[in-house]
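Given the structure is predicted, the values throughout are model-derived calculations rather than measurements. As a basis for the values below, the full set of heavy atoms in this structure was taken, side chains included, without hydrogen atoms, waters or symmetry mates.
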Amino acid sequence: MLEALGISQFAESVYRALLADPGRTATELARALARSTTATRRAVAELEESGLVTRAPGRPVRLLAARPDTAIDLLVARRQSELTTVQVNARALAAEMSGPRQPDELLEILVGRRAVGHRYRALVRGCERELLVIDRPPYAAPVEPAEEEVTTRLSDDVVVRGLYAPESLEPPGALEAVQRAIEKGEQSRLHPKLPMKLAIADRSVALLPLMLDDMVENALVVRKCALLDALVVLFELLWEQSSPVVPGPVAAQPDVGLLTLLAAGAKDETIARQLGISPRTVTRRVAELLDQLGARTRFHAGVLAARNGWLVE
């Protein structure tokens, strides 16, 4: 378990032995683990340096294991700090590279869902200023951890703008998850016809599907070039065409939630699930709303709602 934090397997065995029976000497540990005293002392020194083991006062020297939760949290924080330093140094090194970038440096193909999910998490974690995301299923990584990765960046003063497809809000709890992100500072909008998934970090690197008919198994990484600039323009155009996910408070308009979902192009089943009503009730309320607004179609109702200021960010 502790190898990811730089602790050897034998040192972890020593640590677990001290958790089970604190106060042993190095000699007693060596005997219990059937290893040499020299190897055991080296493992103890490794654990002491990591803060996982301390010495009790008195002679002979007896060893105590630190609480796993506190000690390991400190180790994780230290490792994260070290990784952040490596990332910063890597960017500085890249900035020192001279000469024009080669095509194979600007584009990278990722193969496999695991590789795509890993690169998405790395892109989110490495973002420093602005994260632009087009969200639509299917997903290469589990939804909840991915959501947590993005909302964590909000607390780091990263500006996050998310464009959601109506089907992104269909799973139970999906709309609530978006609302939580909005409460933490995410700027979120709905668009009825998003062409693909997309993530852009700091307008310097993007991740998008390699093929539109298979959006999770393979992906394309695009670094600073004309294609990346075009992807940023595409995002901004879609953003201007979209509507807010969560409406603002409007006392004179009782069906703002319905209007929001209509403007996003959501189907009756999705609207019913999100509003907690039956599809038949949705049909009736939509008809009443169209009549109230003087709208010809559902889309027209969404346009009128946005024009009249009933849907605000």
Side-chain angles (χ1 to χ4, degrees), residues 1-94 96 108 110-128 139-158 201 205 207 219 221:
M1 179 185 76
L2 300 181
E3 279 188 297
L5 298 175
I7 306 299
S8 66
Q9 287 186 345
F10 179 55
E12 181 175 345
S13 299
V14 172
Y15 178 64
R16 289 177 179 272
L18 284 172
L19 284 175
D21 188 7
R24 293 186 186 186
T25 65
T27 302
E28 291 169 343
L29 284 167
R31 188 181 305 116
L33 296 172
R35 295 291 292 270
S36 70
T37 303
T38 301
T40 304
R41 291 186 187 280
R42 282 200 298 264
V44 169
E46 180 182 340
L47 293 169
E48 286 183 304
E49 185 178 353
S50 300
L52 291 172
V53 164
T54 58
R55 302 186 180 198
R59 293 288 178 179
V61 175
R62 297 194 174 276
L63 305 166
L64 301 172
R67 283 178 56 93
D69 49 358
T70 304
I72 292 175
D73 281 351
L74 289 173
L75 281 177
V76 170
R78 184 189 306 171
R79 179 55 60 88
Q80 288 176 334
S81 177
E82 293 171 351
L83 292 174
T84 299
T85 301
V86 171
Q87 286 181 320
V88 171
N89 291 338
R91 291 191 184 94
L93 184 61
E96 294 174 4
E108 178 186 356
L110 303 176
V111 179
R113 184 174 302 202
R114 183 175 180 179
V116 175
H118 177 76
R119 181 57 62 89
Y120 174 74
R121 290 189 292 271
L123 182 145
V124 172
R125 292 172 185 171
C127 185
E128 296 179 344
Y139 301 104
V143 175
E144 291 183 3
E147 172 201 343
E148 186 177 348
E149 291 277 2
V150 173
T151 54
T152 297
R153 300 321 315 276
L154 289 166
S155 62
D156 297 332
D157 295 327
V158 173
V205 59
L207 179 67
V221 179

Fill in the blank from the handout: Contacts of Arg31 meeting side chain to side chain donor-acceptor pair (under 3.5 Å) (sequence neighbours excluded), chain-then-number -> none
Problem - Residues which pass side chain to side chain contact (heavy atoms under 4.5 Å, CB included) with Leu64, listed by chain and number, not counting sequence neighbours - result: Pro22, Thr54, Ala56
Completion exercise
For Pro60, the side chain to side chain contact (heavy atoms under 4.5 Å, CB included) test, sequence neighbours excluded, returns Thr25, Arg62
For [X] and [Y], which heavy atoms make the closest approach, and how far apart are they?
{"X": "Arg24", "Y": "Ala32", "answer": "NH1-CB, 3.1 Å"}
{"X": "Ala17", "Y": "Leu29", "answer": "CB-CD2, 3.9 Å"}
{"X": "Ala11", "Y": "Leu47", "answer": "O-CD1, 3.3 Å"}

Under 3.5 Å, sequence neighbours excluded: what are the donor-acceptor pairs made by side chains of residues 36-45?
unit_1	atom_1	unit_2	atom_2	d
Ser36	OG	Ala39	N	3.1
Thr40	OG1	Ser36	O	2.9

Handout entry: salt bridge (Lys or Arg N to Asp or Glu O under 4.0 Å) against Arg35, all qualifying residues, sequence neighbours excluded
Key = none
Exercise for the section: State which residues pass salt bridge (Lys or Arg N to Asp or Glu O under 4.0 Å) with Glu48; sequence neighbours excluded, sorted by chain then number. Expected result: Arg55
Value rounded to 0.5 Å, distance of [atom1] in [X] from [atom2] in [Y]:
{"X": "Arg16", "Y": "Asp21", "atom1": "CZ", "atom2": "CG", "answer": "15.5 Å"}
{"X": "Leu63", "Y": "Leu52", "atom1": "CG", "atom2": "CG", "answer": "12.5 Å"}
{"X": "Glu46", "Y": "Ser8", "atom1": "CD", "atom2": "OG", "answer": "3.5 Å"}

Problem - Polar side-chain atom of Glu128 near backbone of Val158 as donor-acceptor pair, under 3.5 Å - result: no
Exercise for the section: Report yes or no: does Arg119 contribute a side-chain atom to a donor-acceptor pair with the main-chain N or O of Val221 at less than 3.5 Å? Expected result: no
Handout entry: Student check: side-chain heavy atoms of Leu207 and Leu110 closer than 4.5 Å
Key = yes
Practice task
State, yes or no, whether a side-chain contact exists between Val116 and Tyr120 at a heavy-atom distance under 4.5 Å.
Solution key: no
